[in-house]
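Quick notes on the structure that follows.
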2 protein chains.
Amino acid sequence: MTLKKLDKKPEEAREGELSLSECLLRRPGFLLNKSAIRIKEAYEERLAPLRLAGKHFGVLLVLEEKGSITQHEIGKCVYVDRTTIVGIIDDLEKSGMVERKEHPTDRRSHAVYLTAKGKEALAKAHHLVSAVDKQFFSGLSAKEQKELMRILRKLVVTHYSSTKESERGEG
Amino acid sequence: MTLKKLDKKPEEAREGELSLSECLLRRPGFLLNKSAIRIKEAYEERLAPLRLAGKHFGVLLVLEEKGSITQHEIGKCVYVDRTTIVGIIDDLEKSGMVERKEHPTDRRSHAVYLTAKGKEALAKAHHLVSAVDKQFFSGLSAKEQKELMRILRKLVVTHYSSTKESERGEG
DNA sequence: AGTGATAATCAGTAATACTGATTATCAGCA
DNA sequence: TGCTGATAATCAGTATTACTGATTATCACT
């Protein structure tokens, strides 16, 4: 309907209303996509001083949790393609945060370890992402934040637990 | 948590537990990212027969809601870059679902219209995406689905309503 | 008329992750 | 013991996606 478009006056305030259209706010795909993009941007902005992107942080997290594991296992944890993991580990190794070592029982595999530098960066990163989370969810009540996390978790668990490897997306 | 696949021993059952690591399930960025990817995959799989990707559907939706608007306005609605909109409209025009016409009052702008074919496809698409939504959320209770949508919507509104144009992400 | 801003477009670029092939290794079996 | 199929890591090439910056036409204001 509206073809008046964008003039210049106080319309600009109303432009906000035009921007978020009702039809899209009802679409789960739109909401998930846009919130995922926004939080990712926030993470990467804050993690940039540590030379970490979101994908690197995720890998560091699972290494912290599980200790030394193979690249293949990392890929399964973060649901990232085998070939993509290579690049992520390359990045982290270049910046000295992880090391590839010999696997004790399988010479095909690499055992990936967190270095002292990696642990240090991870400690800082934990603080930074916590701050991002807090800010990102600041428009929600504590109860809403909890509910959102609970429901999203349930959603992800159901969609990723019974998955065949071949069906995986990116990371 | 069963990622059984690979080998055969009972170890492999435990490997499933390894897959969805607790540390990631606590991360809002991970949860949002993975659920966004999954639902996008589902949409695109279902919409493929109509020759529509998610980005096309979003544009058709706002055209349906707002009638003929300019490409610039479409971009603001779906939060997609001006140059990216060109390509999306190109696609839709090639497949005959929209038309670029002269703008009645501004010869710089294009007034983008849904064609009959576009409306037809959109009607089908509505059904398909509804089915996807239903399936995607089938692991949640009705109440949880509603809560999730409500909270996500609140989140997106707060993060996108006061946004300067320059800060936009993709689509 | 002149100046700055805007709408659409295009070319080039960068980031991302995938497919398929390759090498080295492992595990099972004859 | 040696063969065969599967697996881990890797690389090259490709596809997708969206961005930056420049360009052209047009508009709005003075």
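Source: prediction; values computed, not measured. Lettering of chains follows the sequences in order, A, B, ..., and the numbering in each one begins at 1.
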- line: Here the distance between atom C1' of D:dC11 and atom CG of A:D90, to the nearest Å, is 11 Å
query: Does B:R82 put a side-chain nitrogen or oxygen below 4.0 Å from OP1 or OP2 of C:dT9?
result: no
- prompt: Between B:E44 and A:H110, who's closer to the 5' end of DNA chain D by nearest nucleotide?
  reply: A:H110
field: 5' precedence on DNA chain C between A:I88 and B:V112 (nearest-nucleotide basis)
entry: B:V112
task: Side chain of B:T70 only, please: which of D:dA8, D:dC11, C:dA7 is the nearest?
output: C:dA7
message: Please pick, from C:dT9, D:dA9, C:dA17, the nucleotide with the shortest atom-to-atom distance to any side-chain atom of A:S109.
response: D:dA9
task: Answer yes or no: does atom CZ of B:R51 have more than 12 heavy-atom neighbours from other residues, nucleotides or ligands under 6.0 Å?
output: no
task: Treating Ile, Leu, Val, Met, Phe, Trp and Tyr as nodes and any side-chain heavy-atom pair under 4.5 angstrom as an edge, say whether B:I69 and B:V86 lie in one connected cluster.
output: no
- request: Take atom CD1 of A:I89 and atom P of D:dA8, then tell me their distance rounded to the nearest Å.
  value: 15 Å
- request: Measure from the side chain of A:V86, starting at C-beta and using heavy atoms only, and say which of D:dC27, D:dC11, C:dA17 lies closest.
  value: D:dC11
message: From NZ of B:K55 over to C1' of D:dA18, roughly how many Å is that when rounded to an integer?
response: 9 Å
- request: Write down the distance between CD1 (B:I74) and C1' (C:dA8), rounded to a whole number of angstrom.
  value: 12 Å
message: In whole Å, I'd like the distance from the CD atom of B:Q71 to the P atom of D:dA25.
response: 17 Å
- prompt: Tell me, do B:E93 and B:V112 make a side-chain contact under 4.5 Å, heavy atoms counted?
  reply: no
- prompt: For B:R100 and A:T105, take the nucleotide of DNA chain C holding the closest heavy atom to each; which residue's nucleotide lies nearer the 5' end?
  reply: B:R100
- request: Indicate yes or no: at least one non-hydrogen side-chain atom of A:F136 is less than 4.5 angstrom from one of B:L32.
  value: yes
statement: Between NZ of A:K40 and P of D:dT17 the distance, given in whole Å, is 14 Å
- request: Choose from C:dT9, D:dA25, C:dC26 the nucleotide whose nearest atom is closest to any side-chain atom of A:R108.
  value: C:dC26
message: Side-chain N or O of B:H72 versus OP1/OP2 of C:dA7: is the shortest distance under 4.0 Å?
response: yes
message: With a 4.0 Å cut-off on N to O distance, would you call A:E120 and A:K117 a salt bridge?
response: no
- prompt: Does a side-chain N or O from B:T84 land closer than 4.0 Å to OP1 or OP2 of D:dC19, or not?
  reply: yes
query: Between B:D133 and B:R46, does at least one N-O distance fall below 4.0 Å, as a salt bridge requires?
result: no
- prompt: In whole Å, what is the span from the CD1 atom of B:I85 to the C1' atom of C:dT9?
  reply: 13 Å
query: Are side-chain N/O atoms of B:R27 and A:Y43 paired as donor and acceptor at under 3.5 Å?
result: yes
Candidate nucleotides D:dT26, C:dT9, C:dC18, ranked by approach to the side chain of B:R107 - the nearest: D:dT26
query: Nearest of D:dC19, C:dA8, C:dT19 to any side-chain atom of A:D81?
result: C:dT19
task: State whether A:E147 and A:K143 are salt-bridged, where the test is any N-O pair (Lys NZ or Arg NE/NH1/NH2 against Asp/Glu carboxylate O) under 4.0 Å.
output: no
- request: Indicate whether OP1 or OP2 belonging to C:dC26 is found under 4.0 Å from a side-chain N or O atom of A:H103.
  value: no
field: Rounded distance (Å) that lies between atom P of C:dC18 and atom CD of B:E41
entry: 9 Å
statement: When the rotation axes relating C1' atoms of four end pairs to the next four are compared across the helix from C:dA1-D:dT30 to C:dA30-D:dT1, five pairs an end, they differ to 10° by 20°
Side chain of A:T83 - closest among C:dT19, C:dA8, D:dA9: C:dT19
